[in-house]
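Please read the structure below before turning to the comments.
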2 protein chains.
Amino acid sequence: MNEMLEQKNPRSKYRLKRQSLPEALADSLRERILNGEFKEGEPLVQEAIAAEYECSRMPVREAFRQLEAAGLIVSKIHKGAVVTTLPSEQIMELFELRAMLECDILTYALSRMTDHHLNISEQILEQLEDAYHKRDIAKVGALNWEFHRSLYVPADRIQTLALIQGINVQTDRYIRLQLLLTSAFEEAEQDHRQILKLCRSHDPSVIEFMRGHIIRAGHNLLDALHARKVSGTVA
Amino acid sequence: MNEMLEQKNPRSKYRLKRQSLPEALADSLRERILNGEFKEGEPLVQEAIAAEYECSRMPVREAFRQLEAAGLIVSKIHKGAVVTTLPSEQIMELFELRAMLECDILTYALSRMTDHHLNISEQILEQLEDAYHKRDIAKVGALNWEFHRSLYVPADRIQTLALIQGINVQTDRYIRLQLLLTSAFEEAEQDHRQILKLCRSHDPSVIEFMRGHIIRAGHNLLDALHARKVSGTVA
DNA sequence: AGACACCCAACTGGATCCAATCTACATAAG
DNA sequence: CTTATGTAGATTGGATCCAGTTGGGTGTCT
């Protein structure tokens, strides 16, 4: 559920990250799946991964358990692990869940946002725009979530945030895919600026704007996926 | 995220459950944590668990990863795993999340419920009442979730259901604890009958009733926990 | 007596080894 | 020619073994 919360408490500076090999592996593999290096349905072979990272199969196996719990892979006994494939209805369902949960947490956050919070968000947004113009897909995916997250932190709703993060990991895969396929993210960029502006004035209308932002992103994505499917069966 | 969805598709009869040792271990350990056999903050020693189940430490370690992902334990490197402790605000947050998500999915489910679905729910409810009168805490916990789940299945919202299940696993711990401490579950029993009745007539007012049911459960639980704390520091 | 260094027991992390199972290909029978 | 069967290689599941870390206890020095 709420794994991958490294850096959960940046309250204390000077915090070293001491993670075990399985955790580090899970992080790396998750990133690679999100980036599309491992495609939907592709099998993940323990030995191959172990060889790549120059370790034994055991930490790989533990990492697989984490990824499976995060919903990124499914593994069948004695048959190995494959990258999860989601039907489009379930992808849309994920976006609808995000819309509901993120609007809820944003409601809590809105009244508690300080200038400090907002400045951090603005900073992330600038990095996001920069990454987008440089077409650095992986960075855009990561920073997109970072921006959303930064808006929700003031709510101080730890469980909700963990849940949302889990869903975002899954949608990230498709968002990054969409970035490769379309230019619909232009629209999202403008949305982000508008969201930040509304947050600055603590305008409650940002809630519904956020809902539209997420739902539209879902629809755009499904359109792109559908277009790819009919335009040719090429992978 | 959406782990533990065994039996997801009973479409084909004669389906044997073939789970690996780590999965079986995770199921068993989860149940023991939920039942309070392992208390909050209690350390789980790999070797001890392995000895209990007469297996090596390796499957135990993989099971731990699953439980950690489900939020039931936290493990620090070289220091082992302990059962998660949640502050009361986060417990309430979990109930609020349940209220939001379960009301949402119930909205989808309500119009799609057939007599068949409702009869199954009624059957489960009877078993639940039976277990409650026999004071079989573990069974009450499990069947309580089964009843809720049975109401949501018609919605055909797989991701939402998986998310809700994950949260319910966590709240189950405290619900079972509450069953030991108070008799507030009487109230919940009547709620369940009322919910089923409203579902039978496809009355949309069941949505808000469900919200109240869950939120009240959360408040009752927190009261019970608080009462225990002030009445004495006894474990 | 208190503080510091060192050592040892307990435990976790990771590697290697062996067993169980699946897949694919080859072979044989209908 | 198609279908069933058997066998070999590949791959996963689980056990055992070794190394590294942690925390507590003891002994010594101040």
Side-chain angles (χ1 to χ4, degrees), chain A residues 3-6 12 14-30 32-33 38-85, chain B residues 3-4 6 12 14-30 32-33 38-39 41-70 72-84:
Chain A
E3 72 318 1
M4 87 209 91
L5 284 185
E6 324 96 4
S12 72
Y14 309 125
R15 178 170 204 75
L16 329 172
K17 53 174 155 187
R18 287 191 8 126
Q19 53 184 356
S20 63
L21 235 173
E23 290 170 46
L25 270 172
D27 286 347
S28 176
L29 291 173
R30 174 169 41 246
R32 292 173 73 180
I33 292 174
F38 299 117
K39 298 181 185 62
E40 293 195 341
E42 185 172 338
L44 295 183
V45 182
Q46 294 177 7
E47 209 151 4
I49 307 281
E52 275 190 300
Y53 289 93
E54 293 180 318
C55 66
S56 80
R57 276 172 38 222
M58 168 125 23
V60 177
R61 278 158 67 174
E62 291 189 36
F64 278 14
R65 292 270 167 211
Q66 277 190 244
L67 296 177
E68 182 167 23
L72 289 176
I73 67 177
V74 288
S75 61
K76 283 185 186 158
I77 184 167
H78 280 290
K79 287 176 82 176
V82 298
V83 179
T84 314
T85 306
Chain B
E3 74 310 9
M4 86 209 91
E6 325 96 4
S12 73
Y14 309 124
R15 176 169 208 77
L16 336 168
K17 54 172 156 191
R18 287 188 8 124
Q19 53 182 357
S20 64
L21 235 171
E23 291 170 45
L25 270 171
D27 286 346
S28 176
L29 290 173
R30 175 168 42 243
R32 293 172 73 179
I33 293 173
F38 299 117
K39 299 181 184 62
E42 184 171 337
L44 295 183
V45 182
Q46 293 176 8
E47 212 152 358
I49 307 280
E52 274 190 301
Y53 290 92
E54 293 180 317
C55 65
S56 79
R57 277 170 38 224
M58 166 129 20
V60 177
R61 277 157 66 173
E62 290 189 37
F64 277 14
R65 293 269 167 213
Q66 275 190 245
L67 295 176
E68 182 167 23
L72 289 176
I73 67 177
V74 289
S75 60
K76 282 184 186 160
I77 185 167
H78 281 290
K79 286 176 84 176
V82 299
V83 179
T84 314

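The figures here come from the full heavy-atom set of this structure, side chains too, leaving out hydrogens, waters and symmetry mates. Chain letters run A, B, ... following the sequence lines, proteins first, then strands; residues in each count from 1.
- Here chain A contacts DNA chain D (any atom closer than 4.0 Å to a heavy atom, that is under 4.0 Å), and the contacts span D:dT12 to D:dT22 from 5' to 3'.
- Considering only residues two or more places apart in sequence or on other chains, A:E47 meets the side-chain hydrogen bond (donor to acceptor under 3.5 Å, both in side chains) condition with none of them.
- Comparing the start and finish of the helix from C:dA1-D:dT30 to C:dG30-D:dC1, five pairs each, the helix axis swings through 0°, to the nearest 10 degrees.
- Residues satisfying the side-chain hydrogen bond (donor to acceptor under 3.5 Å, both in side chains) criterion with B:E23, sequence neighbours excluded, are B:S20.
- In this structure B:S75 satisfies the side-chain hydrogen bond (donor to acceptor under 3.5 Å, both in side chains) test together with B:E68, sequence neighbours excluded.
- In terms of heavy-atom proximity, A:T85 sits nearest to A:G41 at OG1-N, 3.5 Å.
- Considering CG of B:L25 and CD of B:E62, their distance stands at 10.0 Å, rounded to 0.5 Å.
- Side chains of B:R30 and B:L67 form a contact here, defined as non-hydrogen atoms less than 4.5 Å apart.
- Taking every heavy atom of residues 51-62 of chain B and every atom of DNA chain D, pairs under 4.0 Å involve B:C55, B:S56, B:M58, B:P59, by number.
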>> For nucleotides 20-25 of chain C, give me one character per nucleotide, 5' to 3': B if any protein heavy atom sits under 4.0 Å from the base, S if the only such contacts are to the sugar-phosphate, - if neither.
In response: BSSS--
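- Residue A:L25 is out of contact with every strand shown, counting any heavy-atom pair closer than 4.0 Å.
- Considering only side-chain N and O atoms, B:Q46 lies nowhere under 4.0 angstrom from the phosphate OP1 or OP2 of C:dA10.
- Using a 4.5 Å heavy-atom threshold, the side chains of A:L72 and A:F38 count as separate.
- Closest non-hydrogen pair, B:C55 versus B:V60, comes out as SG-CG2, 4.2 Å.
- Distance check: A:T84 OG1 to A:E42 CD gives 12.5 Å after rounding to the nearest 0.5 Å.
- Each side chain to side chain donor-acceptor pair (under 3.5 Å) pair with one or both residues in residues 49-59 of chain A, not counting sequence neighbours, appears once here: A:S28-A:Y53, A:R32-A:E52, A:R32-A:Y53, A:Q46-A:R57.
- B:R65 CZ to A:Q66 CD: the interatomic distance, rounded to the nearest 0.5 Å, is 5.0 Å.
- For the residue pair A:L21 and A:P59, the shortest heavy atom distance occurs at CB-CB, 4.2 Å.
- With rounding to whole Å, A:Q19 atom CD is found 14 Å from C:dG13 atom C1'.
- Closest heavy-atom contact between B:V82 and B:P43: CG1-CA, 3.7 Å.
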